[in-house]
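Accompanying notes for the structure given below.
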Amino acid sequence: MTVQVRPITESEWPAFVAVDYEAFSSSYPPAAADRWRELAEIDRSLAAFDGDLMVGCAAAITFTMTVPGGPIPVAGVTAVGVLPSHRRRGVLSSLMTRQLHDLHENGEAVAALYATEAGIYGRFGYGRAADALFFRIPTHGSAFVRDAPVDPALRLRVAKPADSLPELRQVFESVRRSRPGVYDRSDLRWRIEVLGDEEHDRGGAGPLRCMIAEDDEGPRGYALFRVKRGATDHDVPDGEVQLIELFASDPAAYALVWRSVLDRDLCSRVHAWSRPMDDPIIHLLAEPRHLNAGWLDELWVRVVDVDRAMTSRAYAAPADLVIEVEDEVCPWNAGRWRLTTAKGSCERTGDAADLTLPVGVLGAAYLGGRPLTAFAGAGLVGEHREGALRELSAAMSWDPKPWAGLVF
């Protein structure tokens, strides 16, 4: 089968949506597709055609994402799918290869995505760069440690989410640049992706709710959540708080906002579906086993251009070594690169390699949350100079752990 891949036109948007919905077995009301169109970038939305039939799709959105050292432009890859009738016929490979070449030509050094299936994107050079925890906390086991931070100046305020964007944005912006993986939010993304509250946004739960922690100077933390009401067979209240997101600019505000959701009346548990791997709630709960924590992959990162990506981030320790990168999809990356953190340089070299690694491993380590030593233990990294592995692993590590917190 011959596949043609090209950007769609405005008139092809309905067909693009239809392909995506079919690929994901999704069903949303027309209003959801209209909202998606507001966020989409048509010139970055690719489709694959079998003759005149659109059979696959892939898109990218533009934002800046925090990496170690600060924010950089990153391509957010999304809406990747192929019709069930055309699976395993090279459509996805054609789409992903074309997209990566376009990003390279546009000068975008890093791409990131959320994977619906974790096994798909490694073959295109993406690496699992960030993980997330989910918690199911019973309220009866949610007591904090005795020395949990408290600030008498703080107070809680129930707020209408749609009317609270200035306060939410102020808190979010105060913390956004501190954690790798977090990306900037336009007013449109705030309105649609974060504060959207149509029936299809609720998933069977109640309306979006907001609690703000503030003092006389302004907001210092917030939680967005829904409540799914429920009761036992004996009519004992058994509701569930579904935590959408929670941010705070300091420990006392963080603790107070968490208490506001854990102490919600008529609810027996809190389900927090995506939290960072180093979430401080792990240390605040007096009995951390009550977190009932689970683990999932979160962000996947693709180093599109090795030299510009490696010089766009900061390093936690000095490194001067030669990395041989293996990259079958983006041949401009393949070969040996000398990384010298003191000079902020990453340049082509003919010197002998200290390490050999696939580009996916480089992407997995890029945000600082994935030690390279584990990849070596799995046989995925070759060390040719003793100490080189730990040298690069220490240099690329970062604190806090990476996490994006909002699917794009």
Worksheet item: Taking 4.0 angstrom as the limit, do Arg308 and Asp305 come out as a salt bridge?
Response: yes
Discussion item. Between Glu240 and Lys228 (salt bridge meaning N to carboxylate O under 4.0 Å), is one present in this structure?
Written reply: no
Identify every side-chain donor-acceptor pair in residues 348-377 under 3.5 Å, counting partners at least two apart or on other chains, and give the distances.
from, atom 1, to, atom 2, distance (Å)
Arg348, NH1, Ala334, O, 2.6
Arg348, NH2, Trp332, O, 2.6
Arg348, NH2, Ala334, O, 3.1
Thr349, OG1, Asp351, N, 3.1
Thr349, OG1, Asp351, OD2, 3.3
Asp351, OD2, Arg338, NH2, 3.2
Asp354, OD1, Arg385, NE, 3.0
Asp354, OD2, Val322, N, 2.7
Thr356, OG1, His384, NE2, 2.6
Tyr366, OH, Ala309, O, 2.6
Arg370, NE, Arg128, O, 2.9
Arg370, NH1, Asp131, OD2, 2.7
Arg370, NH2, Arg128, O, 2.9
Arg370, NH2, Asp131, OD1, 3.1
Arg370, NH2, Asp131, OD2, 3.2

Fill in: Contacts of type salt bridge (charged side-chain N to carboxylate O under 4.0 Å, His left out), residue Glu12, not counting sequence neighbours
Arg6
Item to complete: Verify, without hydrogens or angle tests, whether Asp278 (side chain) and Lys401 (backbone) share a donor-acceptor contact under 3.5 angstrom.
Response: yes
Practice prompt. With the side chain counted from C-beta on, respond yes when Phe49 and Val3 share a heavy-atom pair under 4.5 Å apart, and no when they do not.
Written response: no
Worksheet item: Is any NZ, NE, NH1 or NH2 atom of the basic residue among Arg179 and Glu298 found under 4.0 Å from an Asp or Glu carboxylate oxygen of the other?
Response: no
Discussion item. Which heavy atom of Arg176 sits nearest to which heavy atom of Asp184, and what is that distance?
Written reply: NH1-CB, 3.5 Å
Discussion item. Can you tell me how far apart CD (Glu105) and CG (Leu100) are? Round to the nearest 0.5 Å.
Written reply: 11.5 Å
Discussion item. Atom CZ of residue position Phe24 - does it have more than 12 heavy atoms of other residues, nucleotides or ligands inside 6.0 Å?
Written reply: yes
Worksheet item: Where does the angle between the aromatic ring planes of Trp13 and Phe16 fall among parallel (under 30°), tilted (30 to 60°) and perpendicular (over 60°)?
Response: parallel
Worksheet item: Under 3.5 Å, is there a donor-acceptor pair linking the side chains of Thr62 and Glu41?
Response: yes
Worksheet item: Checking Ser249 side chain against Arg220 main chain: does a donor-acceptor pair fall under 3.5 Å?
Response: yes
Item to complete: With rounding to the nearest 0.5 Å, note down the distance linking CG in Asp197 to NZ in Lys160.
Response: 12.5 Å
Discussion item. Quiz question: by atom type and distance under 3.5 Å, do the side chains of Thr232 and Asp238 form a donor-acceptor pair?
Written reply: no
Worksheet item: Are Val304 and Val110 side-chain neighbours, meaning at least one heavy-atom pair lies under 4.5 Å?
Response: no
Discussion item. Has Gln242 got a side-chain atom pairing as donor or acceptor with Arg226's backbone, closer than 3.5 angstrom?
Written reply: no
Practice prompt. Indicate yes or no for a side-chain donor-acceptor contact from Arg185 to the backbone of Trp190 under 3.5 Å, with no hydrogens or angles considered.
Written response: no
Worksheet, complete the sentence: Looking only at heavy atoms, the pair that brings Leu243 and Ala272 closest together is CD2-CB, 3.9 Å
Item to complete: Identify the two heavy atoms, one from Val67 and one from Ser312, that lie closest to each other, and give their separation to 0.1 Å.
Response: CG2-O, 4.0 Å
Fill in: Asp327 side chain vs Cys330 backbone, donor-acceptor pair below 3.5 Å
yes
Worksheet item: Any side-chain heavy-atom pair from Trp36 and Asp20 closer than 4.5 angstrom?
Response: yes
Practice prompt. Could you tell me whether the side chain of Arg136 and the main chain of Trp273 form a donor-acceptor pair under 3.5 Å?
Written response: no
Practice prompt. May I ask you to decide whether Glu347 forms a salt bridge with Arg336, counting only side-chain N to carboxylate O separations under 4.0 Å?
Written response: no
Discussion item. For Glu245, is the CD atom crowded, meaning more than 12 foreign heavy atoms sit under 6.0 Å from it?
Written reply: yes
Worksheet entry | Ser186 OG to Glu193 CD distance, which is reported to the nearest 0.5 Å | 9.5 Å
Worksheet item: Between the side chain of Ser174 and the main-chain N/O of Val171, is any donor-acceptor distance below 3.5 Å?
Response: yes
Practice prompt. Test Leu262 against Phe144 for side chain to side chain contact (heavy atoms under 4.5 Å, CB included), laying out the working first.
Written response: CA-CA 10 Å; Leu262 292 168; Phe144 281 176; 3.8 Å; yes
Discussion item. Using 0.5 Å steps for rounding, measure from the CZ atom of Arg302 to the CG atom of Asn333.
Written reply: 6.0 Å
Worksheet item: Is a side-chain donor or acceptor of Glu287 paired with a backbone partner of Gly141 at a separation under 3.5 angstrom?
Response: no
Worksheet entry | Side-chain heavy-atom pair Thr66, Ile72 within 4.5 angstrom cut-off | no
Worksheet item: Under a 4.5 Å cut-off applied to non-hydrogen side-chain atoms, are Thr139 and Val241 in contact?
Response: no
Worksheet item: Does a side-chain N-to-carboxylate-O contact under 4.0 Å join Glu38 and Arg35?
Response: no
Worksheet item: Is there side-chain contact between Leu103 and Arg44, with heavy atoms separated by less than 4.5 Å?
Response: yes
Worksheet item: What's the spacing between Ile282 CD1 and Met277 CE if we round to 0.5 Å?
Response: 7.5 Å
Discussion item. Between Asp187 and Arg191, does any side-chain N to carboxylate O distance fall below 4.0 Å?
Written reply: no
List the atom pairs, donor and acceptor, that lie under 3.5 Å between side-chain atoms in residues 74-90 and the rest of the protein, sequence neighbours left out.
from, atom 1, to, atom 2, distance (Å)
Thr78, OG1, Phe408, O, 3.3
His86, NE2, Asp50, OD2, 3.0
Arg89, NH1, Ser85, O, 3.3

Worksheet item: Got a donor-acceptor contact below 3.5 angstrom from the Asp279 side chain to the Ile281 backbone?
Response: yes
Discussion item. I'd like to know whether Val257 forms a side chain to side chain contact (heavy atoms under 4.5 Å, CB included) with Tyr222, so could you lay out the CA-CA distance, the side-chain angles of the two residues, the decisive distance to 0.1 Å, and finally the verdict.
Written reply: CA-CA 6 Å; Val257 175; Tyr222 71 86; 5.7 Å; no
Worksheet item: Within a radius of less than 6.0 Å around CD of Glu386, do more than 12 heavy atoms belonging to other residues, nucleotides or ligands occur?
Response: no
Response to the item:
Scanning both residues in full, the closest heavy-atom pair of Gly69 with Trp398 reads N-CZ2, 3.7 Å
Worksheet item: So how far is it from Leu39 CG to Ile61 CD1, rounded to the nearest 0.5 Å?
Response: 7.5 Å
Item to complete: For residues Val194 and Leu406, determine if any side-chain heavy atom of one lies less than 4.5 Å from a side-chain heavy atom of the other.
Response: yes
Worksheet entry | For the student: nearest non-hydrogen atoms of Ala118 and Asp297, plus distance | CB-OD1, 4.0 Å
Fill in: Nearest heavy atoms of Ile8 and Ala47, plus distance in Å
CG2-CB, 3.4 Å
Worksheet item: Do Ser142 and Trp258 pass the side chain to side chain donor-acceptor pair (under 3.5 Å) test, and can you show the C-alpha distance, the side-chain angles, and the key distance before you say yes or no?
Response: CA-CA 10 Å; Ser142 69; Trp258 260 110; over 6 Å; no
Item to complete: Apply side chain to side chain contact (heavy atoms under 4.5 Å, CB included) to the pair Thr9 and Ile42, showing each step before the final yes or no.
Response: CA-CA 7 Å; Thr9 62; Ile42 290 292; 5.8 Å; no
Worksheet item: Hey, are the side chains of Arg189 and Tyr183 touching, using non-hydrogen atoms and a 4.5 Å cut-off?
Response: yes
Discussion item. Show, in sequence, the C-alpha distance, side-chain angles and deciding distance for Leu284 and Tyr254, and conclude whether the side chain to side chain contact (heavy atoms under 4.5 Å, CB included) test is met.
Written reply: CA-CA 10 Å; Leu284 273 179; Tyr254 173 88; 3.6 Å; yes
Worksheet item: Do side-chain atoms of Asp151 reach the backbone of Ala153 as a donor and acceptor pair under 3.5 angstrom?
Response: yes
